[in-house]
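Note that ligands are numbered from 1 as they come in the structure, with each ligand's atoms numbered from 1 the same way. All heavy atoms count here, side chains included; hydrogens, waters and symmetry mates do not. Predicted, not measured: the structure shown is a model, and the values here were computed from it.
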Amino acid sequence: MTMSEKKLKVVVGISGGIAAYKAVGVARDLVLAGHDVQIVATESALRFVGAPTLEAISHNQVYSDLFEGVAEVRHVAIGQSADVIVVAPATANMIARLAVGLADDLLSTTILASRAPLVLAPAMHTEMWQHPSTVANVAILKQRGATIVGPASGRLTGSDTGPGRMAEPEEIAAAVIAAAAAGPNRHDLEGKRVLVTAGGTREPLDPVRFVGNRSTGRQGAALAAAAANRGASVTLIGANLETEIPASSEFVAVSSATELFETVQARVSDFDLVIMAAAVADYRPAEVEQSKIKKEFAGEELNLRMVKNPDILASISRDRRAGQIIVGFAAETEPDDSALLEIARGKLERKGCDFLVVNRVGWSEGFATDGNTVTVLDRSGNIVLATSGSKLSVANSILDVLH
Ligand code: C5P
């Protein structure tokens, strides 16, 4: 196996059709290629092929019962750790259940509890394959990103022939490996050290008050989680995060821009890729009062004098070592698309970073939302990505274009 052909955690799901005996070949091909295979069979699959055969071939216990291993929340554990899931054979019934998102046995529950790419190898009689229900269900699953391998045309279980025969194990195993290579757990960042800053800085006014912004750190946390999933060793420096901290990253908490600056400066040279997603305050109060500012003393008006914070992104871009990639963010309220791009290109120039991720923010846009819409510019100001989606899928798309 080469670096790009990392050992994968493959869930081989088997549903109840006569082609279940060919699933043995799928599991065998994947094991021989060096991958870790976990078989999850439906109850009816185990009537076609015995668990001892499957266990001997996969070198792992076969799971089938949703009510076994409940303490370890088995379906979630298997689903979350999978790099890719294949269902071979995928019966018409299984396809229908997946299309509506049913979760009534271990296999369907595992699939629903996973973000891993899904490969389906349908096997059924021609009439069932061509039935409008199956056609519609397959279309739904394809549209959600599932890879459908086969079915081939050929001799079916009875004396009839036609489309519905499960694809051959080698073809299915190849599709599984290809799907994993495009999935969120792909190992393309193996060996890379990634630093992500996230959240919004708070600039203290006095012991209890601050000047802040509405960034929650969700996009940055998603970038950290996505990079770690793809094999990177990740450090997340978070300023006042209002989101879950990914367990897969080293985490350093900071609050003000000055603290963020000092922490980044001290650590930055250790990293290959630096993503500055934090919303850093451009100014901080010139004086921080040591006790609470009192209205009794301030009177009718309070004037705050603010001084400029160091520009962390510009400073680390200027001092970066050869091969280090630095990514900045630009959150802008400009409504016009071409004006937004012009602002971004100016910022890219001033900051001197390698890539700039531009997104629009506003009273209801950008912050504290599950989704995001971004445009990524390279050093020369060319658009290398324009995408929308969940913050995690946007994170993966951003990582795709950074190397
Ligand atoms: O200039 P502006 O704040 O729009 O730039 C945004 C980008 O610069 C972000 O990547 C942010 O993390 C970074 N930044 C910084 N230091 C500052 C201000 C912004 O690193 N003082």
Side-chain angles (χ1 to χ4, degrees), residues 194-204 210-224 227 234-241 243 252-269 271 273-286 306-320 324-335 339-362 365-367 372 374-379 381 384-385 391 394-395 398-399 401-402:
V194 177
L195 178 66
V196 181
T197 68
T201 63
R202 290 180 180 176
E203 310 305 309
F210 57 83
V211 178
N213 62 70
R214 287 175 44 221
S215 172
T216 59
R218 283 195 213 174
Q219 185 62 70
L223 277 156
V234 181
T235 297
L236 173 64
I237 304 180
N240 313 296
L241 297 191
T243 185
V252 184
V254 296
S255 186
S256 67
T258 311
E259 277 170 27
L260 180 63
F261 181 54
E262 284 165 3
T263 312
V264 171
Q265 286 280 44
R267 303 285 306 268
V268 71
S269 64
F271 297 91
L273 173 61
V274 181
I275 305 178
M276 292 286 296
V280 186
D282 292 325
Y283 297 91
R284 65 178 182 277
M306 310 273 284
V307 292
K308 212 162 182 193
N309 276 326
D311 192 316
I312 310 168
L313 178 60
S315 146
I316 62 170
S317 297
R318 194 180 50 237
D319 299 339
R320 71 171 163 295
Q324 198 174 34
I325 296 175
I326 314 256
V327 184
F329 269 65
E332 301 294 340
T333 49
E334 171 58 56
L340 180 70
L341 280 179
E342 274 326 294
I343 293 172
R345 290 190 175 114
K347 188 162 291 186
L348 194 58
E349 185 90 31
R350 283 197 305 280
K351 305 267 185 180
C353 49
D354 298 295
F355 293 93
L356 193 73
V357 181
V358 191
N359 71 321
R360 197 171 271 123
V361 289
E365 260 181 305
F367 296 124
N372 208 359
V374 303
T375 302
V376 180
L377 303 181
D378 70 8
R379 248 199 132 155
V384 289
L385 175 73
K391 285 184 171 163
V394 165
I398 293 172
L399 292 173
V401 298
L402 299 185

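- At the top of the distance list for atom 10 (O) of ligand 1, counting protein heavy atoms only, stands Met276 O, 2.7 Å.
- Residue contacts with ligand 1: Pro310 is included, with a non-hydrogen atom under 4.0 Å away.
- Geometrically, ligand 1 and Lys347 share a nitrogen or oxygen pair separated by less than 3.5 Å.
- Using a 4.0 Å cut-off between heavy atoms, Asp282 contacts ligand 1 through its side chain alone, with no backbone atom that close.
- With respect to the salt-bridge test (charged N to carboxylate O, under 4.0 angstrom), the residues Asp282 and Lys308 do not qualify.
- Interatomic distance, Arg360 CZ to Thr375 OG1, rounded to the nearest 0.5 Å: 8.5 Å.
- Considering backbone and side-chain N/O of Val280, none are found under 3.5 Å from N/O of ligand 1.
- When hydrogens are left out, the protein atom nearest atom 6 (C) of ligand 1 is Phe329 O, 2.9 Å; that is the closest non-hydrogen contact.
- Annotation: Glu349, atom CD; neighbour count of heavy atoms from other residues, nucleotides and ligands within 6.0 Å does not exceed 12.
- Across all their heavy atoms, Leu236 and Ala221 have their closest contact at CD2-CA, 4.4 Å.
- Here the protein heavy atom with the shortest distance to atom 11 (C) of ligand 1 is Ala278 O, 3.3 Å.
- Among Ile312, Val357, Thr201, the residue whose heavy atom lies nearest to atom 16 (N) of ligand 1 is Ile312.
- Counting atoms of ligand 1 from 1 in the listed order, those under 4.0 Å from a heavy atom of Asp311 are 15 (C), 16 (N), 17 (C), 20 (O), 21 (N).
- Formation of a donor-acceptor pair under 3.5 Å by the Asn359 side chain with backbone atoms of Glu332 is not found in this model.
- Between Arg350 and Asp311 there is no salt bridge, since none of the side-chain N atoms of the basic residue sits less than 4.0 Å from a carboxylate O of the acidic one.
- Atoms of ligand 1 found under 4.0 Å from any heavy atom of Leu313, numbered from 1 in the order shown, are 7 (C), 8 (O), 10 (O), 13 (C), 15 (C), 20 (O).
- Ile316 is listed as a side-chain neighbour of Val274, based on a closest heavy-atom distance under 4.5 Å.
- Across Glu332, Lys351, Lys308, heavy-atom proximity to atom 8 (O) of ligand 1 is greatest for Lys351.
- Side-chain contact, Asn240 with Ser255: a donor N or O sits under 3.5 Å from an acceptor N or O.
- Checking Thr263 against Gln265 by side-chain atom types alone, no donor-acceptor pair falls below 3.5 Å.
- Residue Ala330 places every heavy atom at 4.0 Å or more from ligand 1.
- Near Gly328, the atoms of ligand 1 lying under 4.0 angstrom from a non-hydrogen atom of the residue are 10 (O).
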